Each structure stands twice: as structure tokens, then as C-alpha cells.
Number of protein chains: 2
Amino acid sequence: MNMKEIAQLAGVTAATVSNAINGTGNVSEKKRKEIMEIIEKEGYSPNRFAKSLRTKESNTIGIMVEDITAFQTPRIINGINNYVEKQGYAVILNNMSLLEKTGNHYSELSSYQSAISKSIKLFNKTQIDGLVYVAMHDRDVMELIPKLSIPIVLVYCYDTSKKNYYVTYDNMDVIADVAEYLVKHGHEKIGVIKGAEDSLPSQKRLRSFITQLEKAGKELKEEYIFPGAWEFGDGVKAYERFKQLEEKPTAIFAMNDLMATGFMDAALNDGVRIPEDVSVIGFDNRQECRFTRPRLTTVDIPLEKMGEKAGQVLLDLISGKTPENRKVILPCEFLEKNSVI
Amino acid sequence: MNMKEIAQLAGVTAATVSNAINGTGNVSEKKRKEIMEIIEKEGYSPNRFAKSLRTKESNTIGIMVEDITAFQTPRIINGINNYVEKQGYAVILNNMSLLEKTGNHYSELSSYQSAISKSIKLFNKTQIDGLVYVAMHDRDVMELIPKLSIPIVLVYCYDTSKKNYYVTYDNMDVIADVAEYLVKHGHEKIGVIKGAEDSLPSQKRLRSFITQLEKAGKELKEEYIFPGAWEFGDGVKAYERFKQLEEKPTAIFAMNDLMATGFMDAALNDGVRIPEDVSVIGFDNRQECRFTRPRLTTVDIPLEKMGEKAGQVLLDLISGKTPENRKVILPCEFLEKNSVI
DNA sequence: CTGTTAGCGCCTTCAA
DNA sequence: TTGAAGGCGCTAACAG
């Protein structure tokens, strides 16, 4: 069934049918209704290839994800999908599977670059109207993203060159909440397990944490700052250090759930009680850490909303609107569970 | 840049370029090489809308997932993607978000049906060549899947009407492994927490489990069969029953990780030691249950492989080949961790 | 308010 | 072995 046939049934020409469907030109209300009824009855929908060929618009966006099995990715995709579908856009997905290829060696630029250029080449062939890049680590991807002829929006990462639009979450405010929460619970000696040394989110979180403690008239002792690099094992190592301390912190803020869980696991193995002997807070609200004992108090990142916002910014860009800011920063939510006393 | 322009650069006509690209017709090797070089140099790729309009093939498949945040979904998508991309197909994704809409009320057919028909309507407009349906519960979806004009392959579910092709995993063999493993570890009194009453996988697992115990000369006592419906809370309830028993099982096989974790959690709260007092085995290898203490011995479902296989079957169907069987059943892997002694 | 016309980029005869 | 011509289904510009 094509437009011409519909037109014949309606006793008009294809152009009028087209106008009726798209609300373009002038079609009398009566004719429009007639036409729409026939379309409904016949179950007709316009051939999108013909339409796209003609209009140069595909009404399709691409999502390239660093890794679909990374914990953030599905929720972000979900958010993007929800938004753009409502606007009549389809979504083409490409998974670069970078967890397999690079693991956590974020610095292996060349693997990233080759995967990215491969993915972009793929999208090039598909005539999409815009692209969302979903990272699996919150970091600067400036060097990774080539110049494209279509709009692109980055999610879960940032771009210090300010060339690209990106959507991310706020570290500062929620970390202040975390610090305040620990202070309110009467903790004086508080420790932090940091993220990777060169990670900006890690630095920001540390800064915000210290600032908030200072507001409460407390300081973060140098020896209570444990190095880490986001992995479970780093939490275990932090516990080993913790154990050696004469005067131990009564609370630990680990910059992600994996390290928090590693710390708790090692501590519990050692007979340390949580939260009675030491309280623990994580960050990420990862599924893997949902059933720790005790349940881990943590921070939820607004992943769906980040996806929705990215979709919105992208569609704005596609339709020629210029969003106000290059970056969108969404607030996180503190989740109180049972790992702090 | 279009085909005509490439043709001009090569001093031929568009028809020859088309033949060179697609390996159709007869083009001298020399000309073909020349043309391909120019294409490479100019970074040209054919307009897929024009091509699809002409050939009636989109080289695109759709994936409709019941819920992208369900634990199986990302790994399955991953598998499908990996396979079909290599064959030059793009993937359009649609997420029905059924976890939000129906939760675990699998029986709410009407919610399912409206979501599915909406999704299919959406795909109808996109002129895809084939469709993969990814379920979030392993169940009969016969009533849900309407007749389509394009091939469809179901994953993580089945179709007793045998109308559709589907790819799923094997319950019987791996459950025999589970039972055998418990017997080998010297367990005499073994309990089972069942899945939902009307669930075929649950029934199959029970049957296989009993069969294997019988082979070892053991029986599964009626009072050691605990009802359940796949949820964390069902594991907790099972523990309450367990607790009342005069003579308690020394090992529990929960038909999924959530119930296993619920059981463990309740037991540990009660001061019961795992695995010293009671051993536990789960099923699914869910991320949420990765950091239980002790780590949960469980069964991994070959989700990526199921996705790959589904992609393969679908592309076969698209290209007119008829796969041998309506169903593909892939083996699971038993994962030994630390929750059994 | 509706119809006519032309052409988007590609592939497929058919002819040379 | 290559080229010319036509048309896939749709929309935009213009004419009536």
C-alpha cells in the first residue's frame, strides 16, 4: 500500500494525502478526515525511506555506548529512548564493547580511538540525524570525539575543550550531603577512599567533602585519605591500611560502591562490625552492591534523567535550536540505608 | 557526494559504480579497483534510503525488549548486536519498559499486549527486515506475539504453539549438575525453593532436580519443597518455613539468585551460618548477588550466546534459509563459589 | 483548496 | 564489459 493508492481511494492525489498526513499545505478539514480514516482502515504508514530520501531527514538518532554491560548504560539508554520515541524518532544502537577491549585501562586511548572511529564509520552509513555518546567512565573525552557533520551529545563524561554538548551529574552538592550526614551522625574521625588519582570527579568529590567538613569545623586528616582506583580490590587495600592505623576512623566514605563493598568485605572477614565499628558510605547505587550486609548507604546517579536530557538537547540541536549551555548537570540523590550508625 | 559524482570521477556511469560496489553485473577488475579507490578517497558510502527504497531491504533489524533494565537484557542485546553488525545490519532498539508497567505481574496480559502492539506499530513504520523479541521472564509468549509479515525470533522465552522461532537455555542438564554437586558434597537433606507455581522452567527444574536425586538414591521430601515466586521476599519466607522444621535441610537450592539471597539474608540475620549450617545454591548469576557473603554458588545463563544465536537465526530467516529447528536451546554453566560446603 | 510536475539516490533491466 | 532509461514512494514548488 502506498500513498498513491491511498489517494485513489480518497479520490485525491498523492500530494494531498501527503499534506493531510504532515499538516502541510492546505487541506480542508473534511478531506483530511476522510483521508485519515482511509489510512487508518488500510493500516497504511508512509515509507520512511522514500520520505527520508526526499527530506534528507531520517528521524533516527544513533546511540553509541562504550559498553552496554557497564552499570550505567542500560538506564541511560532507557532515558534517551523514552524521550526521543515520544518525539517520533527511532534509535539505532551501537555497542563498542570496550570493557572487554580495554577493561579499566581508561588511558588506552588507541583502543578507544579505533573502536570509536569504527562505530562512527558505521553510523556514517546509516544517515542518522544526530548521535549520543554514552561513556562508562566519567572523564574528559575531548580527545576522543572527532568533528562530525551531525550534532552529538555526550553523556556520563565531559569535554574540557567545550566543543561538545554534554550531560552529566553533580558531584559537589551531593558530596556535601554525604559529609554533612556523617557529621550529623557524630563522626569525628572520617576517612575517604579516593577514586583514581587523575580522575576529575575524584578530585571534585574530595574537595567538596573537605570543604563541607571544614564548614562543620572538622578536618580530614592526611592519613585518613586512602588511595584507590575505583575497583573492589582498592577497597580491600584501603581496609589493610585502615587496620594499621593506631587511631582508626569511625566512618569511611568510599568514592564508589565497589570500593565500599571491598572495604566492607575485608573488614567483615576480619571480624569488624559494620556499622557498629565503622560506618561506610558508597557512591553509584550499583546493582552489584544492592544486597550487601548491611545494605550500603550510597548515592544514586540520575541516569534515566541524564538520558532524557541528552535526548532533549540532541533533538533541539537537530531542529536547529541552540541550547543555552554546553553542559547540563543534574543533581544526585543521597540514599540512606543501613551501613552508617 | 553521490553515486553519479563518483561515476564522473571514475569516468564511468552510476550503473557501473553500483555494479562495482555490489559485485553485481560484470565490471573489469581494473575498473572496479579504480572505482573503489575513488570511493575510499572520497569517503563515500551509498545512501541507504535510496538503496532501501529501491531494493525493499533495509539491512536493519529491530530489537524489542520487554525491559532494558531487567538483568538479562543488556547481555542479550550485546550478543545480538555483535552478530548482526558483522553481517552489515544495523539495529533499532525499542524498550517497552514493562518492569515499570507490570512489575512482576506476568499475568497482566493486557498491559503486555498494549505495550507490544504499540512497539510493533512503531517498528511497522521503520521498514525493518526482521525482529527479535527479548523477554524478561522465561515463559510462554505464544498469546502475545501477533502474526507479522517479517520474520521474528524470540529470546529468553518460548512458544508452545510452535509458531515462532525461539532461543532459550537448558534447564534440565545444569540442574542435574546442581543436584549432583550437592549430593557429592555429602548432603542428604536437600531443600528447594521453587519459582512461581505456573512457571514451566520452575516445573522443569524441579523435575530434573528430583530425577537426579533419585539417581543418587535420594528423595526430595515434600516438606523440603518451599513455594516461591522468584522474588527476594520469597527467599525470606522460605527461611521462615525452614526455621520451623524439626529436621532441617543442610542444603537449599533456590531456583533463582534473588530467592537464594533472600534466604541467606534472613538466615544470616538469625545467626545461621552459611555454608556451615546450611549450604545455598542460586540460579541466574545476577549482578545484584555478586557480592553476597559468602559468594553465592549459582548458574550462569549464556545470555550473549543466546543473543548471537538469535541474530543468526533471524538473518537466516531474512535471507530465506529455513533453520532446522524452531527452537535453539543453549547449555548453562554451573559456577562454583563459596556458599556450599 | 487541490492537482501537476519534478526529482531525491539508487538499482535493474535492456540495449549497445 | 559498459551505458541509458525508468521508477521505487514521497514531498516541495508551483499552477490552477
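Heavy-atom basis, side chains included; hydrogens, waters and symmetry copies ignored. Just so we're clear, the structure is a prediction, and the values are computed from it rather than from any experiment.
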In whole angstroms, the gap separating P of D:dC10 from CG of A:Asn59 amounts to 15 Å
Nucleotide C:dT2, atom C1' - distance to CZ of A:Arg32 in whole Å
16 Å
Quantify the bending of the helix from C:dC1-D:dG16 to C:dA16-D:dT1 as the angle between its end axes, each fitted on five pairs, to 10°.
40°
Do B:Gln72 and B:Val134 come within less than 4.5 Å of each other through their side chains, counting heavy atoms only?
no
Salt-bridge contact B:Glu29-B:Arg32 (side-chain N to carboxylate O under 4.0 Å)
yes
According to a strict under-4.0 Å criterion, is B:Lys31 in side-chain N/O contact with OP1 or OP2 of D:dT1?
no
Does the side chain of A:Thr126 come within less than 4.5 Å of A:Thr60's, by heavy atoms?
no
With no hydrogens and no angle check, do the side chains of B:Glu308 and B:Asn82 hold a donor and an acceptor under 3.5 Å apart?
no
Residue list, side chain to side chain contact (heavy atoms under 4.5 Å, CB included) with A:Lys101, at least two apart or on another chain
A:Ser97, A:Leu98
Spacing of A:Ile6 atom CD1 relative to D:dT11 atom P, expressed in whole Å
13 Å
B:Pro302: side chain to side chain contact (heavy atoms under 4.5 Å, CB included) partners, not counting sequence neighbours:
B:Tyr169, B:Lys305, B:Met306, B:Leu330, B:Cys332
Which residues pass the side chain to side chain contact (heavy atoms under 4.5 Å, CB included) test with A:Ser161, sequence neighbours left out?
A:Met142, A:Asp159, A:Lys163
B:Ile21 atom CD1 is separated from C:dT12 atom C1', nearest whole Å, by 15 Å
Integer-rounded Å distance: D:dG9 C1' and B:Gln127 CD
10 Å
Sub-4.5 Å side-chain heavy-atom contact between B:Tyr156 and B:Leu303:
yes
Please set out all donor-acceptor pairs under 3.5 angstrom arising from side-chain atoms of residues 8-17 of chain A, sequence neighbours excluded.
none

Please determine whether a side-chain nitrogen or oxygen atom of B:Thr13 lies at a distance below 4.0 Å from atom OP1 or OP2 of D:dT2.
no
Annotated protein contacts, base or backbone, on nucleotides 5-10 of chain C with a non-hydrogen cut-off under 4.0 Å, one of B, S, - each
-BBBBB
Ignoring the backbone of A:Thr55, work out which of D:dT2, D:dA12, C:dC1 is nearest its side chain.
D:dA12
